[in-house]
There are 2 protein chains.
Amino acid sequence: MQKEPYNMYSFLLDRTARRVKQYAQATFSSKGFDITLDQWMVLKNLYEFKDLSQKDLAERCGKDQPTLTRIVDLLAKKGLAERQIHPSDRRSFTVHLTEKGVEKVEGLSPEIKEIRTKAWENLNENDFKHLERILNSIYKNLEF
Amino acid sequence: MQKEPYNMYSFLLDRTARRVKQYAQATFSSKGFDITLDQWMVLKNLYEFKDLSQKDLAERCGKDQPTLTRIVDLLAKKGLAERQIHPSDRRSFTVHLTEKGVEKVEGLSPEIKEIRTKAWENLNENDFKHLERILNSIYKNLEF
DNA sequence: TACTTATATTTGTTATACTAAATATTGTTA
DNA sequence: TAACAATATTTAGTATAACAAATATAAGTA
């Protein structure tokens, strides 16, 4: 554990975020979902918001553009999503789910809803409010 | 933003942890520290606890062993740390700072103490207590 | 002692994060 | 319109994360 207080909080934050992600990913794997958590986040956004540009998709998923490009590559390779030329801007692509991608999202959605709960056991409504407020406050402190 | 509450908290946690790390890393780079945040964590632990085995070092830094092996490789390549054969267990190495590594830690320590504060602006003592308690609670929920 | 199991480390593979640079296209302005 | 700046995407390089498998050594047991 780090000794300096701020370093300690950074350490806890990083360690906890990694464990939550790791736990969800392990559950994905053990259930044979055959996608990563990050890929799921992209699929979910594509399902809810059709035909987003990669830039908007990156924004919604909280990823940078190179990372999103590669995730879309992987989803395309798995036949779950496709790029389409943007009708009015040839620099841009819109991305949309294939039929297989739609089926994937609809098939996994109910299962995934139930995965997260273990992480949040023993936390009450107030804890969630605090957590959300504090995390957003940190995030905003570091904007730009 | 994710809609399911638990997904939303996971998203916030991940996003915030990444931004905190990214901010610290950017400051490291702009000041020409020439190490990563994770490398710093390893150096700091080596400075405080001489001659840790790689396993103990990994434990202290919250990293798995393959990751720690690679960080030690990088520190060794930079001449900041060295492996030594463990006196009684030939499977094991102890790692220690070189003279250059000690100088690095002592030179950077005061600067690094001041980097973190921006992330924690606008948070009060109570917020820190909540954050620490909640993060530890989540972490423990997912043990094993 | 021979066999088995456990441990410490390394290696390999895949995915993500971040930066910088390259490419193509669009928008702006002199 | 020609030059320039801005934007969307991709590519490349390095670091970290997670997992599985390989290697060497140690410890426990029949």
Side-chain angles (χ1 to χ4, degrees), chain A residues 10-11 14-30 33-42 51-59 61-78 83-95 142, chain B residues 11 14-30 32-42 51-59 61-78 83-95 142:
Chain A
S10 303
F11 176 80
D14 185 60
R15 183 178 82 156
T16 306
R18 267 189 289 129
R19 179 158 287 189
V20 168
K21 193 167 180 176
Q22 180 188 3
Y23 174 78
Q25 186 60 57
T27 311
F28 272 40
S29 298
S30 77
F33 289 176
D34 192 36
I35 52 172
T36 66
L37 194 58
D38 301 282
Q39 288 164 23
W40 170 252
M41 192 182 303
V42 173
D51 292 316
L52 289 171
S53 74
Q54 295 193 181
K55 185 180 170 56
D56 291 342
L57 197 48
E59 171 77 18
C61 296
K63 313 231 164 262
D64 60 16
Q65 290 194 46
T67 297
L68 190 99
T69 289
R70 278 158 183 138
I71 293 176
V72 170
D73 286 346
L74 291 170
L75 293 177
K77 202 192 289 182
K78 290 176 181 175
R83 289 185 172 90
Q84 272 182 332
I85 296 168
H86 191 285
S88 63
D89 186 342
R90 277 187 298 178
R91 289 171 306 184
S92 182
F93 292 112
T94 60
V95 188
L142 300 180
Chain B
F11 176 80
D14 184 61
R15 183 179 82 155
T16 306
R18 266 190 289 127
R19 179 159 286 188
V20 168
K21 193 167 181 177
Q22 179 189 3
Y23 175 77
Q25 186 60 58
T27 311
F28 272 38
S29 298
S30 77
F33 289 176
D34 193 34
I35 51 172
T36 67
L37 193 57
D38 300 281
Q39 289 164 21
W40 171 252
M41 193 182 303
V42 174
D51 292 316
L52 290 170
S53 73
Q54 295 194 180
K55 184 181 169 57
D56 293 341
L57 197 48
E59 171 77 17
C61 297
K63 313 223 163 272
D64 62 11
Q65 291 195 45
T67 297
L68 190 98
T69 289
R70 281 159 182 139
I71 293 175
V72 171
D73 286 346
L74 291 170
L75 293 177
K77 201 192 290 181
K78 291 178 180 174
R83 290 185 172 88
Q84 271 182 332
I85 295 167
H86 191 285
S88 64
D89 186 342
R90 277 188 298 178
R91 289 170 304 183
S92 183
F93 292 111
T94 60
V95 187
L142 302 180

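As the structure is a computational prediction, the values presented were derived from the model and not from experiment. Numbered from 1 within each chain, the chains take letters A, B, ... in sequence-line order.
Within the nucleic acid shown, B:Gln22 comes within 4.0 Å of sugar-phosphate atoms alone, with no base atom in reach, counting heavy atoms only. Among the atoms of the strands shown, base atoms are found under 4.0 Å from some heavy atom of B:Thr69. In this structure, A:Leu68 reaches neither bases nor backbone, as no heavy-atom distance under 4.0 Å exists between it and the strands shown. The residue A:Gln54 sits close only to the backbone: its heavy atoms come under 4.0 Å of sugar-phosphate atoms, none of a base. Residue A:Asp38 is in sugar-phosphate contact alone, with no base atom involved, counting any heavy-atom pair closer than 4.0 Å across all strands shown. The residue A:Ile71 sits close only to the backbone: its heavy atoms come under 4.0 Å of sugar-phosphate atoms, none of a base. Residue-level contact check: B:Arg18 touches the backbone only, with heavy atoms under 4.0 Å from sugar-phosphate atoms and none from bases. When heavy atoms are screened at a 4.0 angstrom cut-off, B:Thr67 is found touching base atoms of the nucleic acid.
At a threshold of 4.5 Å between non-hydrogen side-chain atoms, the residues B:Phe28 and B:Thr36 do not count as touching.
The separation between B:Arg83 atom CZ and C:dT9 atom P is 9 Å, rounded to whole Å. Taking atom OH of B:Tyr23 as the reference point, atom P of C:dC18 lies 15 Å away to the nearest angstrom. We find that CG of B:Asp73 is positioned 7 Å from P of C:dT10, with the value rounded to whole Å. Atom pair B:Arg70:CZ and C:dA8:C1' shows a separation of 15 Å (rounding to whole Å applied). For the pair B:Asp89 CG and C:dT7 P, the interatomic distance rounds to 12 Å; values are reported in whole Å. Going from atom NZ of B:Lys21 over to atom P of C:dC18 covers 9 Å, rounded to whole Å. Rounded to a whole Å, the CD atom of A:Gln65 is 11 Å from the P atom of D:dT7. If you measure from atom CG of B:Asp64 to atom C1' of D:dA17, you get 6 Å, rounded to the nearest angstrom.
The side chain of A:Lys78 places no N or O atom within less than 4.0 Å of a non-bridging phosphate oxygen (OP1 or OP2) of C:dT14. Residue B:Lys55 places none of its side-chain N or O atoms closer than 4.0 Å to OP1 or OP2 of C:dT9. Regarding contacts with the backbone of C:dT16, a side-chain N or O of A:Gln39 is found under 4.0 angstrom from either OP1 or OP2. Listed pair A:Ser29 / D:dC19 fails the phosphate criterion, with no side-chain N or O lying under 4.0 Å from OP1 or OP2. Here A:Ser53 does not reach the OP1 or OP2 of D:dA8: none of its side-chain N or O atoms lies under 4.0 Å away. Regarding contacts with the backbone of D:dA17, every side-chain N or O of A:Gln25 stays at 4.0 angstrom or more from both OP1 and OP2. The phosphate of C:dT25 has neither OP1 nor OP2 within less than 4.0 Å of any side-chain N or O from A:Ser92. Between C:dA17 and B:Arg15, no contact under 4.0 Å exists linking OP1 or OP2 to a side-chain N or O.
Judged by closest nucleotide on DNA chain D, A:Phe93 is the one of A:Phe93 and A:Asp14 placed further toward the 5' end. Sequence order on DNA chain C of the closest nucleotides to A:Leu37 and A:Ser88 puts A:Leu37 first from the 5' end. The residue among A:Pro66 and B:Lys63 whose nearest nucleotide of DNA chain D is located toward the 5' end is A:Pro66.
Remark: side-chain polar atoms of B:Ser92 are not paired, donor with acceptor, to backbone N or O of B:Asp89 under 3.5 angstrom. Between the side chain of B:Thr67 and the backbone N or O of B:Lys63, no donor-acceptor pair lies under 3.5 Å. A donor-acceptor pair under 3.5 Å links the side-chain atoms of A:Arg18 to the main chain of B:Gly62, judged by distance alone. Under a 3.5 Å cut-off, the side chain of A:Lys77 and the backbone N or O of A:Val72 do not form any donor-acceptor pair. Of the possible polar contacts, one joining the A:Gln25 side chain to the A:Leu37 backbone as a donor-acceptor pair under 3.5 Å is found.
The base of C:dT26 does not come close enough to the side chain of A:Arg91 for any donor and acceptor atom to sit less than 3.5 Å apart. If you check distances only, the side chain of A:Arg90 never reaches the base of C:dG27 with a donor-acceptor pair under 3.5 Å.
Salt bridge status for B:Arg83 with B:Asp73: present, with a side-chain N to carboxylate O gap under 4.0 Å.
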